[in-house]
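Numbering starts at 1 and runs along the sequence shown. All values below come from the heavy atoms of this structure, side chains included, with hydrogens, waters and symmetry mates left out.
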Amino acid sequence: MDDDKYMKLAIEQAKIAASMGEIPVGAIIISNGDIISTGYNKREMLTNSLAHAEIVAINSACKKLNSWRILNATLYVTLEPCAMCAGAIINSRIEKVVFGAYDPKAGSFGSLVNLSELRYNHQPQIVSGVCEKECADLLSNFFRELRKKKKLL
């Protein structure tokens, strides 16, 4: 299934983030079977609260396409988008969002709220839970290791 294949690529982006000490969230944007852009969390690296994986991938796609509209595209992301990222997805006209792990604390495509169901001028299709366990395990393991390191200090 293509969703699993592309989510595995997003997971690779999340692993890059983890290797840099960032929360392991990765994203890729696909159109017509081609990767338009990739992204992973860079909040710590850039000291920027906006540097979520989805925003990084959206920024890169806009530059590549020379447009703020990312039409006929699918965003794959390892963690359910927050409200900021959901808003960016809606505003960039991404057609479909596929996410892995649910985010009960900030998820805005089903967990806390579903912004795709509101009457905005664009409603992306949402597919949830793709490679969910692998995506959730990446996050759980990252935070477990972080807690261990803090105990050692």
Side-chain angles (χ1 to χ4, degrees), residues 1-31 33-64 70 73-92 94-118 123-153:
M1 176 186 235
D2 281 349
D3 285 349
D4 288 344
K5 171 185 149 184
Y6 292 126
M7 185 60 73
K8 297 284 186 195
L9 297 174
I11 289 168
E12 291 306 312
Q13 293 296 306
K15 289 177 180 178
I16 293 170
S19 75
M20 301 174 121
E22 296 279 352
I23 295 173
V25 179
I28 65 167
I29 299 177
I30 304 290
S31 182
D34 295 325
I35 297 173
I36 296 175
S37 65
T38 63
Y40 54 85
N41 269 359
K42 294 183 177 182
R43 292 190 308 174
E44 300 297 330
M45 183 186 332
L46 300 177
T47 60
N48 186 333
S49 59
L50 303 177
H52 289 203
E54 302 94 321
I55 301 296
V56 171
I58 288 169
N59 279 332
S60 178
C62 289
K63 287 177 186 170
K64 183 173 184 176
I70 308 172
T74 301
L75 170 80
Y76 290 85
V77 61
T78 58
L79 181 64
E80 180 182 3
C82 68
M84 174 184 70
C85 293
I89 290 162
I90 291 166
N91 281 297
S92 62
I94 292 173
E95 184 176 318
K96 180 179 173 185
V97 176
V98 179
F99 71 83
Y102 290 87
D103 186 350
K105 295 181 180 178
S108 295
F109 281 144
S111 290
L112 289 179
V113 67
N114 192 341
L115 294 181
S116 71
E117 292 179 346
L118 298 180
Q123 289 91 19
Q125 175 191 354
I126 307 299
V127 177
S128 57
V130 174
C131 301
E132 180 179 0
K133 182 175 177 359
E134 191 172 352
C135 293
D137 286 350
L138 266 174
L139 290 159
S140 296
N141 294 338
F142 176 82
F143 286 113
R144 184 179 308 112
E145 290 302 313
L146 196 61
R147 285 189 296 275
K148 281 183 190 176
K149 286 177 186 175
K150 286 184 178 180
K151 282 184 181 178
L152 294 176
L153 296 177

Do [X] and [Y] come close enough that some side-chain heavy atom pair is under 4.5 Å?
X      : Y     : answer
Pro81  : Phe99 : yes
Leu139 : Val25 : yes
Asn48  : Lys42 : no
Val130 : Tyr76 : no
Pro124 : Ile90 : yes

Gap between atom [atom2] of [Y] and atom [atom1] of [X] - 0.5 Å precision:
X      : Y      : atom1 : atom2 : answer
Lys15  : Tyr40  : NZ    : OH    : 15.5 Å
Ile23  : Arg43  : CD1   : CZ    : 5.0 Å
Ser128 : Phe109 : OG    : CZ    : 11.5 Å
Leu79  : Cys135 : CG    : SG    : 8.5 Å
Ile55  : Ser60  : CD1   : OG    : 12.5 Å
Glu80  : Ser111 : CD    : OG    : 3.5 Å

Short side-chain to backbone donor-acceptor contact, [X] and [Y], under 3.5 Å:
X      : Y      : answer
Glu54  : Ala86  : no
Thr78  : Gly26  : yes
Gln123 : Leu118 : yes
Asn41  : Ala53  : yes
Gln13  : Thr38  : no
Ser140 : Asp137 : no
Thr47  : Glu44  : no

Where is the tightest heavy-atom contact between [X] and [Y], given as atom of each residue plus distance?
X      : Y      : value
Met84  : Leu50  : SD-CD2, 3.3 Å
Gly100 : Met7   : N-CE, 3.5 Å
Asn114 : Ser116 : OD1-OG, 2.5 Å
Leu138 : Ala14  : CD1-CB, 3.9 Å
Ala17  : Pro24  : CB-CA, 4.1 Å
Ala57  : Gly39  : CB-N, 4.0 Å

- Item | For Ser31, all residues meeting side chain to side chain contact (heavy atoms under 4.5 Å, CB included), sequence neighbours excluded | Ile36, Asn72, Ala73

- Item | Residue of the set Thr74, Asp34, Ile94, Val77 for which side-chain contact (heavy atoms from CB on, under 4.5 Å) holds with Ile29 | Ile94

